[in-house]
Visitor: 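Provided herewith is a single structure, encoded as C-alpha cells, for subsequent inquiry.
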Amino acid sequence: MTSACCSTASIIRPTRSASATHSSRCSISSTAATTPRQCRQEPPMRSSAPRSNVAFSLQEVPRRGSHIRASHPRDDRELKRDYRKTLNLPVTEFPMQAGLAKSEPRRVAWWQEQRTYERRLDRNADAQPWILHDGPPYANGELHMGHFLTMVVKDIFVKIALLDGKWAKFVPGWDMHGLPIELETLRHLGITDFHVIDPLELRARCKERAVFWFERQRDVRMRMGTFGDYEHPYRTIDPSYESVIVETLADLAEQNQIYKGLRATLWCFHDETALAEAEIEYEMKRSPSIYVRFPFDQEQRAALMERVGGPSTPLRSARDDKAVSVLIWTTTPWTLPGNSGVALHRNAVYALYDIGDEIVLLAEDLAAEALRERYSGAKKIAHVYGERLEGLEVRHPLFDRTAKIVLADYVDLETGTGAVHTAPGHGAEDFETGMAYGLPIRSPVDAAGRFTSEAGPYAGLRVLDANAKITDDLRAAGMLLREQEIEHSYPHCWRCHNPVIFRATSQWFISMDRNNLRARALAAMDNVAYTPEWGRERQRQMIENHPEWCISRQRTWGTPIPAVTCIDCNTSVLDARVARAAARRFAEVGADAWWSDPIERYLPQGFVCPSCGGTRFTAERDIVDIWFESGVTHLAVLGRNGLPWPSDAVLEGGDQYRGWFRSSLMTAAAIRDAAPYKHVVKNGWVNDEDGRPMSKSRGTGIDAQEAMERWGADVLRLWAASVEFVDDVRFGPHVIEQVARVYRNIRNRVRFMLGNIGDLPPDAIVPRAALGPLDALAYDYATRRFDEIAQAYDAFDIHAAYLKIVEFESEISALYFDAMKDPLYSRAAADVRRRAAQSVLLYALRGFLAAIAPVLSFTAEEAWQALPQTLRDAASVFELVLVRDDARDAASEERWKMLRHLRAAVSASSELRDFEAKAQLRLSPTHASALEPFTNEDLREALAVSQLEIAISSAFGNARMPGVVVSPAEGEKCARCWKYRELGADPEHAGICAECARVVRERLSGD
RNA sequence: GGGCCGUUAGCUCAGCUGGUUAGAGCGCAUGCUUGAUAAGCAUGAGGUCCCUGGUUCGAUCCCAGGACGGCCCA
C-alpha cells in the first residue's frame, strides 16, 4: 500500500526545522555580500513576495543557491569564468517550433521524390501482403474533417503494416459518376432541364468537373501525409473501371440475377430520376393532415353488416339513412387518385361509431384521438377484428370506383385511424400489398411530378400543388371529416432537397432472392470480423432488410446499362453477350461509345428479340446506380496487380453499413460467393465541439485543407489518434489546442534526444549487454512500452497506442532524461558513462520515432532527417521496424516504478531541489533485493541528488515502496556541474569539483 | 415511432471476469528551475462514475425503466 510508505516517509522526513537550519545558514551568509551577477539575475516581475532592492535582510529567506557564491567571495573570478562552454549541451537543428503548415507540403514533395512509400513496399515485397481496400470518396466538393478522420485512420493502419514489414499496398480510389456531379455541372452551365443538352456534351462537362474535384481531393489527401499509389488510383470513370462495371452486369445477367419490372420507386420529380434508398434524406416538412371518409354504398353496407354480426347487429337498428364510411388518415392527399384499397390490421379491433348524423368505422384504440370532440357524443354500436373485414369494398371518395379492404402488418395503431389508404403506385409497402391482393397499380403521375390524364380533373397539376384542390373537392363532396397541418419528417432528395414521391416505373433490379443471393450474402459474413463487434448485427439487418436493388437511373452521367429495346414489341433485353461486347468496347474507348456507336456494333451475330423474334433494336439510355459502381471496387482493384482478393480490411464511416459495405458484399456474394473483405472497421462521425453533427450537404463541416493550414496535418493526425475513432468524436479549436500541447510535449522530448546524441560516433554505441543497470532499466522500459504500442496497433487500437505513446514520453522524460542531464552535460564528451546514456537515447529515439511514425508521420520524418548522417542508417523513418519485446520483465517494471516513487519522494519531502539534497534511502530487505542491481552511485544518479546513503533494516517495514529522508547536501556547489562536492582540489579551478576540473583540463588540452 | 450505439474530473480518454483512497495526459493552481528555456521538474485542487429503481454482504461495472446525445431506418 502506498499510503503506508508515505506515512513512513512523513515520519522520517526532515521537518521544517531541517530546512530552517539550512535557511538560517543561508541568511547569515547572505548578509556578507551580494554579487552584481545576482542582482542582475533578480527577475523584476516575479510574482512572489516583493523583494527590497537592498541586500537580504535577516528576516528574508534568500533564493536557493545564492548562498554558496555569497559565502565564498574569493570565488568571484572563477564564477565569472564561463564553465557553461565546457559542457556538452544539447545541439540540434530540429527546432522547437514546428511550423507544420509550412514544412509539411515540402515533406509531401520530398516523400514523392524519394519514392519513400514505393521503396518500403519493394523492401516488403516478399512479405505477406496486408491490404486495406479504399472505399471511394465522392469526387464533389472539399474534403471535410469526416473525410480527414477516415483517410488518416486508414493511413495509420497502412503505415503500421508497412513498419511491421508487410506489403501494405494502398490504392486510393474515387467515386466520380452520379447525380450530384451532374447537377453541379448543370448548375454551372446554367441549364435547368437536362433534356436540352446533348448527352455526350453533358458527359464531357461532367467529366471535367469530376476530374477537377478528383485532383483537388487527391492533393488534399496527399497533403494529409497519407501514403498510397497516387499515380495509379482507381476511378469509376476510367474506361477500365467502366468495363468492369459492365462486365459485372453481364455476369449478373447471365445468372438471371437482373430483371426489369414495375416498381414503386422513390422518385425525385425535380431531378426526374428514380432514387436509391441511400439517396434520400429525411427532413422536416409541413403537410396537410386529413381524415377522409370512404363511404359504403347500400350494397357494400349490407356486406359490412354481414361481417359485423349478421342480422342481429345493432347496425340494423341504426337509422338506414345514416351514411356509413370507413375513416382513413393521410398526409398526402395527392395520392388519393392512385388509391386502390384501404388496409386494416388483422388483429386490431375496429368499431362502428354513431356520431350523430353518420356512422364511421375505425380502430377502437384511435377513435378518441381521431374523432376528438365528436367522440364524446359518439355511440359505439359494434366492434370487430380487422381480419373479419378483409375483402369488403367501399366507394372511392372522389372517383367513381371502389376500393378494396385489405390486411397489412404495417398498419400501426399509434397515429391515424388504423385504416390506411393504400395506393400501390405511391408507396413501397402499398405496392407489396397491392401485388399481394391484385389491386390495380395506378400511378397517374409523370416524371416531372404532374398528374396525367388518368387523374381526371387533376391532370396537369403538380402533385404537391394538387393537395389543396383535392382537399377542397373532398370537402365539397362531404368526404372530409377533419383537416389540419402537421410538421413531420419526410423523405427528401439527398441532393436537391426537394420532397420525393413514390411512383411506379419500369426499372432494372438485382433480385435479392433469386439464386438465394440474400442468404449467400449473409453466409459470406461469417468469415468477416467486425470492429466494433456489433457492426456484424448491424450489417446482418441491412442485408436481411435489403429491398430489391433498383440499379437503373434515368440520367446521363454514369455507366450505361447495356440493355436494348426491341422496336417491334417494345421488350427490354439485357443480354450478357451484348453486355460483354460493351465491356470490351468501353475498356478501349470509354462508355461514351454507348451514346455514339450504332447499337448494331454490340449485337452478336443473329441476335433476335427473345419475345417476338424481332431484329431491330434501340439502345436503352438508363445508367447504373453509383452504389452499384462503387460496389464493384473490389472486382476492379483487387485480384490484380499483385493485390489479393479479398482485402484484409475496409474502414469507413458507420453510414456505409448501408452503403458501400453492403453493396460490396452483395456484388461479391453474387459473383464470388464470398465476402470481399476480411475485416470491416467502422469509424465514428465527426461532430462539432457541442456534439452536434457537421453535415457535408449543409456545408457546416470544417474543411480539411483549412484545418491543416491552421494547425498542421500532424496535430490533426494526433487528434485522430487521441480520440476513440470508432465512436463519434468531437472536433473544434478547443479540442485541437489541447492536442497541440501534447504535440509540443512529444516534439520537445524528441528534440532532447536529438540534441544529446549529435556527437555520438557509431562505433561508440554501447550495446544493451554492456549497459549499466540504470541505462539498462531505461532501455528495457522503452522496449516494453514500444511493445505495448505495437500490440495496440495490432489490435487496430490507435487510441490505446496514443495513450502508451504519451505515457512513454512523459515517464521517460521525468525520470531518465532529467537524471541523465548531469552525466550528459558535465562528463567528458567521450566518457563511457555518457556514451552509454547517449546509446540509450538513440535506441529510445529510434523506437519512438518508429512508434509515432504511423500517426505523426511528418514529425517523425523530420526528426529522423535531423539525426546526424552517421547515425541515420535508413533514408527514411519509414524504413524502420516497430520494436517488439520478447521477454517481458516484471521485475524491471517494478524497479522503474520504485525509482519513480523515490524520485517523487525526494522532491516531496523537502524544499531542497535536486543537487542541494542528500538522500537517505531506508530499505527493507525486500526493497533492497528489488534494487539489487543498482550501486549506490546508480541510485544517486537516478535521483539526481548530490549524495546518497542507503540504510537497510527489517525495521523499515513491509511497505511496498521504500522510505526516503532528505537533508542538505554536503560540500559546496560546483560551479560547473552544480553537484555539491568538496571544491578547490585544483587551484586553477577552485570553484569546481575535482571531476569537473579533470574534464575541463582534458578539454582544454584537447583543444 | 423502431433498431443500434454512447453518457467516468474543464477537455480527450483508462478502468480486465462486480470489492481500488476511481486513474492518465492536457488544462488549472502552487513551488522549483533558467545548462531541453515560447522548454524541463515537482506538488496540489478538481469526480453524487447521467438519473431512478432492482439483484447482491457489496454496483461505475449486472438487470429494468427514464433523460440526454449520435447513427441508421420508418
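Below, chains carry the letters A, B, ... as their sequence lines are ordered, and counting in each starts from 1. Predicted model only: the values in this text are computed from it and were never measured.
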Visitor: For atom C1', what is the distance between B/G19 and B/G15, given to the nearest Å?
Guide: 14 Å
Visitor: Could I get a table of every N or O pair under 3.5 Å where one atom is in the protein and the other is in nucleotides 68-70 of chain B?
Guide:
from: B/G70; atom 1: O2'; to: A/Asp728; atom 2: OD2; distance (Å): 2.1

Visitor: Who passes ring pair (Phe, Tyr, Trp, His ring centres under 6.0 Å) against A/Phe817, sequence neighbours left out?
Guide: A/Phe752
Visitor: Without decimals, in angstroms, what is the distance between A/Lys897 NZ and B/A24 C1'?
Guide: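 Taking atom C1' of B/A24 as the reference, NZ of A/Lys897 is at 13 Å.
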Visitor: Could you state the atom-to-atom distance from OH of A/Tyr530 to P of B/C5 in whole Å?
Guide: 16 Å
Visitor: Given the P atoms of B/A24 and B/A42, what is the spacing between them in whole Å?
Guide: 13 Å
Visitor: Could you state the CZ-P distance from A/Arg84 to B/U37, rounded to the nearest angstrom?
Guide: 9 Å
Visitor: Tell me the interatomic distance from A/Arg741, atom CZ, to B/G10, atom C1', rounded to whole angstroms.
Guide: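 For the pair A/Arg741 CZ and B/G10 C1', the rounded distance is 11 Å.
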Visitor: Donor-acceptor pairs are to be reported for all side-chain atoms of residues 803-811 of chain A against protein atoms at under 3.5 Å, with residues two or more places apart or in another chain.
Guide:
from: A/Lys804; atom 1: NZ; to: A/Glu788; atom 2: OE1; distance (Å): 3.2
from: A/Glu809; atom 1: OE1; to: A/Arg749; atom 2: NH1; distance (Å): 2.6
from: A/Ser810; atom 1: OG; to: A/Val806; atom 2: O; distance (Å): 2.8
from: A/Ser810; atom 1: OG; to: A/Glu807; atom 2: O; distance (Å): 3.3
from: A/Glu811; atom 1: OE1; to: A/Trp896; atom 2: NE1; distance (Å): 2.7
from: A/Glu811; atom 1: OE2; to: A/Arg900; atom 2: NE; distance (Å): 2.8
from: A/Glu811; atom 1: OE2; to: A/Arg900; atom 2: NH2; distance (Å): 3.0

Visitor: Could you state the interatomic distance from CG (A/Leu718) to CD (A/Gln738), rounded to the nearest 0.5 Å?
Guide: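 If we round to the nearest 0.5 Å, A/Leu718:CG and A/Gln738:CD are 10.5 Å apart.
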Visitor: Between B/C32 atom P and A/Leu912 atom CG, what is the distance in whole Å?
Guide: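 Those two atoms, CG and P, are 13 Å apart.
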Visitor: Between A/Asp690 and A/Arg730, does at least one N-O distance fall below 4.0 Å, as a salt bridge requires?
Guide: no
Visitor: Which dot-bracket notation, 5' to 3', represents the base pairing of RNA chain B when pairs are defined as Watson-Crick or G-U with both distances under 3.5 Å, crossing pairs as [ ], and inter-strand pairs as |?
Guide: (((((((..((((.....[...)))).(((((.......))))).....(((((..]....)))))))))))).
Visitor: Could you say whether A/Val729 or A/Glu537 is positioned toward the 5' end of RNA chain B, judged by the nucleotide with the nearest heavy atom to each?
Guide: A/Glu537
Visitor: Assess, by modelled atom type and distance only, whether the side chains of A/His421 and A/Thr335 contain a donor and an acceptor separated by less than 3.5 Å.
Guide: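 Yes, side-chain donor-acceptor contact under 3.5 Å.
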Visitor: If I pick the P atom on B/U30 and the same atom on B/A45, what distance separates them, to the nearest angstrom?
Guide: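 One P to the other, the span is 15 Å.
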Visitor: Counting any heavy atom closer than 4.0 Å, what does A/Trp719 reach on the DNA or RNA strands: base, sugar-phosphate only, or nothing?
Guide: nothing
Visitor: I'd like to know if A/Glu652 pairs up with A/Lys682 as an ion pair, taking the criterion as any Lys NZ or Arg NE/NH1/NH2 lying under 4.0 Å from an Asp or Glu carboxylate oxygen.
Guide: no
Visitor: What is the nucleic acid contact for A/Gln738, judged by heavy atoms within less than 4.0 Å: base, sugar-phosphate only, or nothing?
Guide: base
Visitor: Does any non-hydrogen side-chain atom of A/Arg834 lie less than 4.5 Å from one of A/Asn88?
Guide: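 Contact flag for A/Asn88/A/Arg834 side chains = yes.
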Visitor: Start with the C-alpha gap between A/Glu544 and A/Arg518, add the side-chain angles, then the distance that decides, and say whether salt bridge (Lys or Arg N to Asp or Glu O under 4.0 Å) holds.
Guide: CA-CA 7 Å; A/Glu544 283 178 349; A/Arg518 190 189 311 269; over 6 Å; no
Visitor: In this structure, how many angstroms lie between the P atom of B/U34 and the CZ atom of A/Phe915, rounded?
Guide: 12 Å
Visitor: With heavy-atom distances below 4.5 Å as the criterion, would you say the side chains of A/Val680 and A/Thr531 are in contact?
Guide: no
Visitor: Quick check: on RNA chain B, is the nucleotide nearest A/Leu89 upstream (toward 5') of the one nearest A/Trp534, or the reverse? Name the residue that is more 5'.
Guide: A/Trp534
Visitor: Write down the distance separating the P atoms in B/C62 and B/G69, rounded off to the nearest Å.
Guide: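 24 Å, rounded to whole Å.
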Visitor: Please determine, by modelled atom types, if A/Arg981 and A/Ser946 share a side-chain donor-acceptor pair under 3.5 angstrom.
Guide: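 A/Arg981 vs A/Ser946: no donor-acceptor pair found between side chains.
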Visitor: Rounding to a whole Å, what distance do you find between A/Lys682:NZ and B/C71:P?
Guide: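 Distance check: A/Lys682 NZ to B/C71 P gives 11 Å.
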Visitor: Please pick, from B/C26, B/U12, B/G35, the nucleotide with the shortest atom-to-atom distance to any side-chain atom of A/Val742.
Guide: B/C26
Visitor: For atom C1', what is the distance between B/C28 and B/C11, given to the nearest Å?
Guide: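 One C1' to the other, the span is 12 Å.
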Visitor: Take atom C1' in B/G10 and the same atom in B/G53, then report the distance between them in whole Å.
Guide: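 Here B/G10 and B/G53 have their C1' atoms 31 Å from each other.
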Visitor: If the C1' atom of B/C49 is compared with that of B/A14, how far apart are they to the nearest Å?
Guide: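 Taking atom C1' in both B/C49 and B/A14, they lie 13 Å apart.
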Visitor: Inspect the contact between A/Glu995 and A/Lys979 and indicate whether a charged nitrogen and a carboxylate oxygen are less than 4.0 angstrom apart.
Guide: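 A/Glu995 and A/Lys979: not salt-bridged.
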Visitor: Can a salt bridge be assigned to the pair A/Asp655 and A/Arg658 using a cut-off of 4.0 Å between side-chain N and carboxylate O?
Guide: no
Visitor: Just checking A/Leu803: base, sugar-phosphate only, or nothing, at a heavy-atom cut-off of under 4.0 Å?
Guide: sugar-phosphate
Visitor: Counting only side-chain nitrogens and oxygens, does A/Tyr657 get under 4.0 Å of the OP1 or OP2 atom of B/C4?
Guide: no
Visitor: Over how many whole Å does the gap from A/Gln541 atom CD to B/C71 atom P extend?
Guide: 18 Å
Visitor: With rounding to whole Å, what would you report as the distance between B/G23 and B/G46 at their P atoms?
Guide: 14 Å
Visitor: Generate the contact string for nucleotides 38-47 of chain B. Rules: B means base contact, S means sugar-phosphate contact only, - means no protein heavy atom under 4.0 Å.
Guide: BSSSSS----
Visitor: Would you give me the side-chain donor-acceptor pairs under 3.5 Å for residues 92-100 of chain A, sequence neighbours excluded?
Guide:
from: A/Thr92; atom 1: OG1; to: A/Phe94; atom 2: N; distance (Å): 3.0

